[in-house]
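One structure is given here, and the rest of the page talks about it.
This one's a predicted model, so the numbers in the text were calculated from it and none came from an experiment. Chain A is the first sequence line, chain B the second, and so forth, proteins listed ahead of strands; every chain is numbered from 1.
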There are 2 protein chains.
Amino acid sequence: MHSFSVGKLRIVLIFMYLCIAVQMMKKNVEDLLKAHNVSPTAMRMIVLDHLLDQQAALSLADLEKALAPADRITIYRSLRTFESKGLVHGIDDGSGVTKYACCAADCGPEGHHDVHVHFVCRNCQETYCLPRSRIPEFTLPVGFQPEEVNLVVRGVCQVCAG
Amino acid sequence: MHSFSVGKLRIVLIFMYLCIAVQMMKKNVEDLLKAHNVSPTAMRMIVLDHLLDQQAALSLADLEKALAPADRITIYRSLRTFESKGLVHGIDDGSGVTKYACCAADCGPEGHHDVHVHFVCRNCQETYCLPRSRIPEFTLPVGFQPEEVNLVVRGVCQVCAG
DNA sequence: GCTGAGTTTGCAATTCCATTGCATGTTATG
DNA sequence: CATAACATGCAATGGAATTGCAAACTCAGC
Ligand SMILES: [Mn+2]
Ligand SMILES: [Mn+2]
Ligand SMILES: [Zn+2]
Ligand SMILES: [Zn+2]
């Protein structure tokens with residue numbers, strides 16, 4: 001009778017770990033969707049999962065490329081659904097194409113609460129959410145009633161400046 | 001021999017005043033163009049004069065409508081020229097269409113200096129420059145080097161809130 | 001399991017704005 | 001006037017967002 005080698009055991013353990021990780025990941029994405037009242041379809045789970053992976057915001061074209069051969073319109077409509085349910089927020093960074101990133105705070109169908117600064121790197125073109133950088137107070141002429149604020153900073157990002 | 005009535009004299013004086021006013025206006029627009037190294041063509045004077053009249057920023061479509069039957073592309077290229085020479089600045093107010101407004105400060109071909117807040121009214125859809133509302137200080141994570149800032153506030157404007 | 005209503009998806013088409021190419025018209029200058 | 005440089009008008013293009021619609025799918029109720 002022969003025993004498992006350490007190498008084989010390691011491979012089996014890694015495989016089991018990956019299975020569990022993928023399951024947990026899927027479970028997390030699924031639960032996140034359900035928690036926001038969105039039916040967890042295959043496409044939506046793929047889109048949301050990919051968005052959760054990102055450091056920087058993605059455009060529809062980015063997602064289309066990354067998730068090929070998924071249909072662009074389906075991704076587009078997933079994003080709109082997510083946005084309306086407070087799962088992701090669209091970012092108008094001045095480039096002319098909307099970028100999307102996951103909401104950090106407890107946003108919901110009532111609205112988005114995590115108002116933060118966005119940063120666009122003129123070198124790598126990436127768009128980052130900066131949740132730590134709260135938008136400061138500013139004064140408006142009398143009579144103007146603010147409701148939403150969008151602050152976009154252009155410059156060189158951490159990675160490119162490093 | 002009969003004399004002028006007071007009424008006729010008044011009309012003549014108003015007419016003369018208007019002639020002089022229009023001349024001065026034209027002279028002002030022409031000088032403004034020349035001062036920024038832009039040949040004062042008929043179209044450019046019309047476009048710039050109309051922009052100087054406005055309280056709120058205008059889109060290309062707005063200008064096209066107001067200045068009909070002037071050619072849209074010619075207006076478009078006038079605006080680009082003005083922008084490059086520091087006469088007007090384009091505003092990305094999040095509506096997806098660029099609005100244009102005259103520069104208040106001493107901008108030039110080197111760049112635009114009058115960085116200010118822009119306000120979009122969700123009721124009347126007008127976009128206003130708020131030159132008095134300076135963009136406040138804000139903090140960025142270490143490593144991010146800011147170069148340009150764009151702050152757009154959405155809400156209800158002075159007129160609509162009245 | 002089968003059915004039907006409601007939802008989601010994929011493809012085609014449309015709309016809207018920004019931008020470019022090119023031939024013609026205009027201006028400035030000697 | 002001649003000529004080069006610049007400005008204009010029309011047509012065409014490009015890219016992104018959005019919509020229409022029919023087929024595919026999901027799921028509760030039989
Ligand atoms: Mn963000
Ligand atoms: Mn402005
Ligand atoms: Zn960068
Ligand atoms: Zn208003």
Side-chain angles (χ1 to χ4, degrees), chain A residues 26 29-30 32-34 36-50 57-85 87-101 109 120 125 127 152, chain B residues 26 29-34 36-50 57-85 87-101 109 120 125 127:
Chain A
K26 282 201 174 145
V29 173
E30 191 175 336
L32 190 55
L33 284 166
K34 282 179 180 167
H36 284 77
N37 241 319
V38 179
S39 313
T41 68
M43 273 305 307
R44 286 172 179 171
M45 285 173 63
I46 291 171
V47 173
L48 184 55
D49 179 52
H50 189 70
L58 294 187
S59 69
L60 179 56
D62 292 335
L63 282 163
E64 186 188 4
K65 218 175 297 172
L67 305 181
D71 185 64
R72 186 170 49 93
I73 308 300
T74 304
I75 301 174
Y76 169 72
R77 282 193 270 230
S78 296
L79 291 170
R80 295 215 98 183
T81 302
F82 294 169
E83 200 168 12
S84 73
K85 296 303 176 64
L87 273 164
V88 311
H89 60 281
I91 305 162
D92 176 7
D93 62 4
S95 69
V97 5
T98 307
K99 307 290 172 58
Y100 298 89
V120 187
Q125 318 293 338
T127 297
V152 177
Chain B
K26 283 202 175 145
V29 174
E30 190 175 336
D31 289 346
L32 190 55
L33 285 166
K34 283 179 180 167
H36 284 78
N37 243 319
V38 179
S39 312
T41 68
M43 274 304 308
R44 286 171 178 172
M45 286 174 62
I46 290 171
V47 173
L48 184 55
D49 178 52
H50 189 70
L58 296 186
S59 69
L60 180 56
D62 292 335
L63 282 162
E64 186 188 4
K65 218 175 298 173
L67 305 182
D71 184 65
R72 188 170 48 93
I73 309 300
T74 304
I75 301 173
Y76 169 72
R77 281 193 270 230
S78 296
L79 291 171
R80 296 214 98 183
T81 302
F82 293 170
E83 200 168 12
S84 73
K85 295 303 176 66
L87 273 163
V88 311
H89 59 282
I91 306 163
D92 176 7
D93 63 3
S95 69
V97 4
T98 307
K99 308 288 172 59
Y100 298 90
V120 187
Q125 318 291 339
T127 297

Between A/M43 and B/T98, who's closer to the 5' end of DNA chain C by nearest nucleotide? A/M43
Side-chain contact test, heavy atoms from C-beta onward, threshold under 4.5 Å: evaluate it for B/F82 versus B/L33 and give yes or no. yes
Using a heavy-atom cut-off of under 4.0 Å over every strand shown, decide if A/R44 touches base, sugar-phosphate, or nothing. sugar-phosphate
Proximity to the side chain of B/T41 - top-ranked nucleotide from C/dA13, D/dT8, C/dT9: D/dT8
Side chain of A/I73 only, please: which of C/dC11, D/dT8, C/dT20 is the nearest? C/dC11
If you pin B/P40 and B/Y100 to their nearest nucleotides in DNA chain C, which one's is more 5'? B/Y100
Phosphate-side-chain proximity, A/S39 and C/dT8, N/O vs OP1/OP2 below 4.0 Å: yes
Nearest-0.5 Å distance that lies between atom CG in B/L79 and atom CZ in B/R77: 12.0 Å
If each of B/R72 and A/L60 is mapped to the nucleotide of DNA chain D with the nearest heavy atom, which maps nearer the 5' terminus, i.e. the 5' end? B/R72
Any side-chain N or O of A/Y76 below 4.0 angstrom from OP1/OP2 of D/dT18? yes
Under 3.5 Å, is there a donor-acceptor pair between the side chain of A/S95 and the main chain of A/V97? yes
Any donor-acceptor pair, under 3.5 Å, between the side chain of B/R77 and the base of C/dG21, if you only look at N and O atoms? yes
Out of A/H50, A/K65, A/K99, which residue meets the side chain to side chain contact (heavy atoms under 4.5 Å, CB included) rule with A/L58? A/H50
